[in-house]
Student: 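Okay, here's the structure, questions in a sec.
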There are 2 protein chains.
Amino acid sequence: MKQTSDRESIKSVEKGFRLLACLYQANRPLALEEFVTLSGYKKTSCFRLLKTMLGLEILERGPNSKTYQFGPQLVSIGLAALKNMSLIKTALPVLQALRNETHETVNLSMRDGNEIVFVERLMSNYIVNPNINVGDRLPVYCASMGKAILAFMRAEHAEELIGQLNFQAKTKRTITTAAALKKELNEIRKNGVAINDEELEKGLRGVAAPIFNHTGEAFAAVNVVWTTARHPSRKMFDRFTPTVVAAAEKISARMGCGSNTSSPRSSGCAVSWGKSSGRKTRRRRTETDSGRRGASC
Amino acid sequence: MKQTSDRESIKSVEKGFRLLACLYQANRPLALEEFVTLSGYKKTSCFRLLKTMLGLEILERGPNSKTYQFGPQLVSIGLAALKNMSLIKTALPVLQALRNETHETVNLSMRDGNEIVFVERLMSNYIVNPNINVGDRLPVYCASMGKAILAFMRAEHAEELIGQLNFQAKTKRTITTAAALKKELNEIRKNGVAINDEELEKGLRGVAAPIFNHTGEAFAAVNVVWTTARHPSRKMFDRFTPTVVAAAEKISARMGCGSNTSSPRSSGCAVSWGKSSGRKTRRRRTETDSGRRGASC
DNA sequence: ACGATAATTCCTTATTCCGGAATTTAGTGT
DNA sequence: ACACTAAATTCCGGAATAAGGAATTATCGT
């Protein structure tokens, strides 16, 4: 979590959330002493902050009785936040349209560190729906949405993230090196979409397009996923591409990515993901393609 | 949200969360002035608290530019909290077993005010899965899990909640009066489980059992749901009852509902939900059946 | 463009939080 | 069972910080 510390900000509040951030990064219950180490605050301060949040049921005691972990109130507020967040509210109708058009499962996720978090999900009526729920996470490098976001983030920022990745092959096709990932990201920038070709799970394919915030940086993505069992042809990549891109652009526009309404370049494109990787170029945002910031916003 | 205000707690932190609670109750973006009204704090204080949380991306600006709403960091932390929360961690293996045994969709939810919030959900492989996601909410009175929790809460507390309900008929069978609900809750207390007989959606049935915390109060529930299309017989209620109850008891026990391990009374019961409402009694917690507090914990 | 309403900044006072040390509790090994 | 260790919790004076009023600036509606 960011450190703002402008004076004119309330330090105790920042500290409270910093402790929550510690818990969140550790991803397990923590004892007082561990909070002290991780946060750098003095023991007494941590103790009182934690006690305060315990009282509010933002935290609860962990299994080892002396540890702290997230409490029900935080979950309640968090889930309410999810449903009220601008991204989801603006994206939902677009997602519904996308699902109705494709008849496949569509997802919305946002990046959080090296991972993407699923924040909304509309299921197809077909039987095999990969067992993913809202709140689940995937590493960026093996998810179409992760790659789409990475490709359209500020280049330095993306670079830094890629450096931290710990690649693990989920299938034979999973990208497992930084070099391969960067090459792929170039393709994605050319095409405006990212695909997932059984890189996460055998038989599972998807197409994702990035969603931009008001600063012009990609922070979220939409995708459509399907199984090779039902749609064996690689043509499906091309088939879904314009639809997904159009949906993503619509969401970006509504998210306040400024005058995006004036760029009617979303339909009728033909990108060949048909072979092993795209060749025809369809530049989406032509600026610098690296270090874009505030582009068209 | 509760007011603790014990000295020895950090007030600024409480205030920060109180503002979040305002936002959460309002369920829409709020302007500074509205926070002032709702919280009772002075304008300057609210302003700085909000500004602080904006800086941390716990909040973001709403569409009307001057309003505040939940931000991405809160969603990230909230979803991480969800996955790390003790309830879910302890319940997950039990839920998986339950799903494998029943082959139907199973849900875990907790109560939040007048609503239940879905916190985990394992889907059946059948086609028709009601379009509900983690984070979604339902009114307590038209959900099996809601009724199960209500039936096994502290009686005064339940009474108070029922008073606040605003009944709306979702189907012909939806419970729409406080009197009918209380009658049903009595049945539920006798049987140890709550059923949903197309009260939320035509063709949708379910059985739910309550989960108790260490104070002996029900705060969450598990259920199994299915469609009448696939299982038309009312016998399914009885069929799933012992399994669901056993699962709920196992979760309660693991949640620290004390010496529950010593009560092997969960299997082999036969409750007749077969007709319109149960008749055979199977008392589950025999104490007072009202105003229980700390029972068996 | 103008008026009204709400947001933001500034400054002083008093409160609240910080942090060291003392005390209690819990956990561990013999 | 008992002592010993390590961590959690309480206490208190000093100092930084948040509160609150008033003044200023921005924003919205007409």
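When reading the values below, keep in mind they use all heavy atoms of this one structure, side chains included, and skip hydrogens, waters and symmetry mates. Quantities reported herein were computed from a predicted structural model and do not represent experimental measurements. In what follows, chains are A, B, ... by sequence order, proteins preceding strands, each numbered from 1.
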Student: For Leu32(A) and dA7(D), what is the distance between atoms CG and C1' respectively, to the nearest whole Å?
Tutor: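 Atom-to-atom, Leu32(A) to dA7(D), this comes out as 8 Å.
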Student: Rounded to the nearest Å, what distance is computed from the NZ atom of residue Lys51(A) to the C1' atom of nucleotide dT10(D)?
Tutor: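 These atoms are roughly 8 Å apart.
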Student: Strictly under 4.0 angstrom, non-hydrogen atoms only: write out the protein contact profile of nucleotides 23-30 of chain D, one letter per nucleotide from the 5' end, B, S or -.
Tutor: ----SS--
Student: Please name the pair of heavy atoms, one in Ala209(B) and one in Val245(B), separated by the smallest distance, quoted to 0.1 Å.
Tutor: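 Taking Ala209(B) first and Val245(B) second, the nearest heavy atoms are CB-CA, 3.9 Å.
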Student: Between P on dT5(C) and CD on Glu34(B), what's the gap in Å once rounded to a whole number?
Tutor: 16 Å
Student: Checking Arg111(B) side chain against Gly113(B) main chain: does a donor-acceptor pair fall under 3.5 Å?
Tutor: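 Yes, because the side chain of Arg111(B) sits within donor-acceptor range (under 3.5 Å) of the backbone of Gly113(B).
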Student: Please say whether the positively charged group of Arg137(A), taken as NZ for Lys or CZ for Arg, lies over the ring of Phe118(A), i.e. under 6.0 angstrom from the six-membered ring centre and within 45 degrees of the axis.
Tutor: no
Student: Can you measure Leu30(B) atom CG to dA6(C) atom P for me and round it to whole angstrom units?
Tutor: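 It is 14 Å, rounded to the nearest whole Å.
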Student: Where does the angle between the aromatic ring planes of Phe152(B) and Phe212(B) fall among parallel (under 30°), tilted (30 to 60°) and perpendicular (over 60°)?
Tutor: perpendicular
Student: Can you measure Phe47(A) atom CZ to dA8(D) atom C1' for me and round it to whole angstrom units?
Tutor: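 Taking CZ of Phe47(A) and C1' of dA8(D), I get 7 Å after rounding.
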Student: Summarise how protein sits on nucleotides 11-19 of chain C as a single string, 5' to 3': B when a protein heavy atom is under 4.0 Å from the base, S for sugar-phosphate-only contact, - for no contact.
Tutor: -----SSBB
Student: Closer than 3.5 angstrom, by distance alone: can the side chain of Asn133(A) be matched with the main-chain N or O of Arg121(B) as a donor-acceptor pair?
Tutor: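 Checking the backbone N and O of Arg121(B) against the side chain of Asn133(A), a donor-acceptor pair under 3.5 Å is found.
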Student: Check every strand shown and say whether Tyr68(B) touches a base, only sugar-phosphate, or nothing at a heavy-atom separation below 4.0 Å.
Tutor: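 Here Tyr68(B) touches the backbone only, sparing every base.
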Student: So, the side chain of Glu115(B) versus the backbone of Asp112(B): is there a donor-acceptor pair under 3.5 Å, distance only?
Tutor: no
Student: By nearest atom, which of the nucleotides dA6(C), dT10(D), dT9(D) is closest to the Arg61(A) side chain?
Tutor: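 Given the options dA6(C), dT10(D), dT9(D), the side chain of Arg61(A) is closest to dT9(D).
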Student: Identify which one of Val94(B), Val119(B), Ile116(B) satisfies the side-chain contact (heavy atoms from CB on, under 4.5 Å) criterion when paired with Leu108(B).
Tutor: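 Among Val94(B), Val119(B), Ile116(B), the one meeting side-chain contact (heavy atoms from CB on, under 4.5 Å) with Leu108(B) is Val119(B).
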Student: Salt bridge or not for Lys83(B) and Glu120(B), using N-O below 4.0 Å?
Tutor: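 Yes.
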Student: What is the separation between atom CD on Glu33(A) and atom P on dT9(D), rounded to the nearest whole Å?
Tutor: 12 Å
Student: Determine yes or no for a side-chain-to-main-chain donor-acceptor pair under 3.5 angstrom, with Thr90(B) supplying the side chain and Met255(B) the backbone.
Tutor: no
